[in-house]
Amino acid sequence: MIQIKDFKDYEGKQIETQGWVMNKRSSKGIEFLILRDGSGFVQAIVTETEAGEQAYTAAKQCNQETSVRIKGTVVKDEKQIGGYELHISQLEIIGHSEDYPISNKAHGIEFLADNRHLWLRSKRQWAIMKIRNQIIFAIHNFFQKEGFVQMDAPIFTGNAAEGTTTLFSTDFYEQPAYLSQSGQLYGEAMAMAMGKIYTFGPTFRAEKSKTRRHLSEFWMIEPEMAFFDLEMNMNLIEAFLKFVTASVLENCKPEFEILERDTTIFENMANTNFTRLTYDDAVKILKGEKEVNGRKTTETLQQDLSEVLQEIEKINQEISEKEKAISESTISKGQSNFIRNKIDQLKNTLKDLEVKAKNIPEWLKSAADFTYGEDFGGSDETVLTRMFDVPVMVYNWPHEVKAFYMKRDKNSPLLAKGVDVLAPEGYGEIVGGGERETDLNLLIEKINEHKLPMSVFEWYLDLRKYGSVPHSGFGLGLERMVAWVCKLPHIRETIPFPRMYGRLMP
RNA sequence: UCUCCCUUAGCUCAGUCGGUUAGAGCACCUGACUGUUAAUCAGGGUGUCCUUAGUUCAAGUCUAAGAGGGAGAGCCA
């Protein structure tokens, strides 16, 4: 059995392969089957004259998603996806497929989510899952080559670790237990044993968030390094993100093509330093008080807005021209159908643009009204990252908006040594991390301040009693990374079976 | 939890000022065409108009409540 991805090695040869029929087109005496086998996609043809009656009749019986076993010849054809075509000589149906729900036309998101188990077979989803796989592989490669030890943190926890988010509660032998929202505290303990560690596991948050960047169950990578300060941490984050994006860039060209993802941003990133801003500077830029490359946020976003408005104007004109064309009697039925489809598409893009046009002034207002000392909101991140085309690291945060374990800055008592990495192109926070507090008294003070139960943190405080060292770490949200790399509009497509508010099936 | 929007055929949607028999495309079936790229062309039928209550001579259309979905806020990776 030869896989589609390997057809390039079998040009002109007879081969045997198997897969599913994604789509079928036909003309007199010839059937065009688009096949997929998980490794790739290829067009196969069956002609009545060359393949013979058996194969031709079998091909005619194929519907969308019929599984088949095929013998045929690999022929070079530049016009085709992948550059090759399969000329079938024998075709055997393995499993029939009747009334496959997902057609080649547009579907709504709810319908696709309900059919997620089948949606995964679509080309676009295939590309996303392959990129997700490559990202995971690259993450392990990076940390393993840097001498990190992978560890698994517990999923059942006895306490709401950081006290901030709502957790899923469950029953652990008649004791209340929570599903882990982070493996970090356990990671710190392990780092004191192994030096450098990373966790790679599921994380659960019970927030009723219905936005394009939230899941209830997601996968997080949390490295933790002994003898690391904030700056070393930031250097590591930068090297790490560059390694992962370079690896995807190198290994996922066909996938990016399917997604129509422009990858120049990753090419540029490889040779450019990430922008590093203190919280203070980030706030000034956000509020339009400080320029970036001679431009203020207000100017840049105003220009974005007028571009969106022009685009809306253009599409409205195109729609009315097309509607006029349909109303003329000389037009054929086929042509008018085609134009109607186009109009539907245009109306959808119009809706998106209108939302954008509505949002931009609101974002600007919210940025201008930003109060120093608060955490950034989603729109603030979008406005800020809009000014740069590499990831932006914001560090030295007001300690009050950060978690209790974040190290306070001795020189500026109001600040903590945290760092957030904001992805460009409007994707916002993908990494959160920082240097950890080592001062036992400050930690105890903070735990009391956050009204957290001291008893459950006693083991954690032990880490500061016995040979405490400066240490740092960070957390990367895998799905947010995938969403950004693939430039997806929503995080729900980045994981095979998303669990989010209102979605537990399939 | 809050704000705005949506719910009509298997799917994507249109449905004007409340008016008589509910509209298209796709999918599906039949036929035509030997190179199609979401192929095209001709023909074929499909409805709990989300639910409940109300206003009205008359409700897919108006009002209220509820359910489900989407976008945003908060929270966060």
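The sequence lines fix the lettering, A, B, ..., with proteins before strands; numbering per chain opens at 1.
Of the listed nucleotides (B:C26, B:A73, B:A77), B:C26 has the atom at the smallest distance from the side chain of A:Ser103.
In this structure, a donor-acceptor pair under 3.5 Å is present between the side chains of A:Glu493 and A:Gln125. Between the side chains of A:Glu188 and A:His471, at least one donor N or O lies within less than 3.5 Å of an accepting N or O.
Among the heavy atoms of the strands lying under 4.0 Å from A:Phe111 are primed sugar atoms or P, OP1, OP2 only; no base atom is included.
Considering only side-chain N and O atoms, A:His490 lies under 4.0 angstrom from the phosphate OP1 or OP2 of B:A71. OP1 or OP2 of B:G70 lies within a sub-4.0 Å distance of a side-chain N or O belonging to A:Arg492. Distances shown here put a side-chain N or O of A:Asn23 below 4.0 Å from the OP1 or OP2 atom of B:A39. Contact between the side-chain N/O atoms of A:Arg213 and the OP1/OP2 oxygens of B:C76 is not found at any separation under 4.0 Å.
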- Message: Just to be sure I follow the notation: if a pair is Watson-Crick (purine N1 to pyrimidine N3 plus N6-O4 or O6-N4) or a G-U wobble (N1-O2 and O6-N3), each under 3.5 Å, what dot-bracket string does RNA chain B give, with | for pairs to another strand?
- Response: (((((((..((((.....[...)))).(((((.......))))).....(((((..]....))))))))))))....
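A donor and an acceptor atom sit less than 3.5 Å apart, one in the side chain of A:His214 and one in the base of B:C76.
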- Stepwise, does the salt bridge (charged side-chain N to carboxylate O under 4.0 Å, His left out) test hold for A:Lys365 with A:Glu362? CA-CA 5 Å; A:Lys365 189 178 181 303; A:Glu362 285 171 16; over 6 Å; no
- Per-nt protein contacts along nucleotides 29-36 of chain B (heavy atom under 4.0 Å; B base, S backbone sugar-phosphate only, - none) come out as ----BBBB
Protein N or O to nucleotides 1-6 of chain B N or O, pairs below 3.5 Å:
unit_1	atom_1	unit_2	atom_2	d
B:U1	O4	A:Lys208	O	3.2

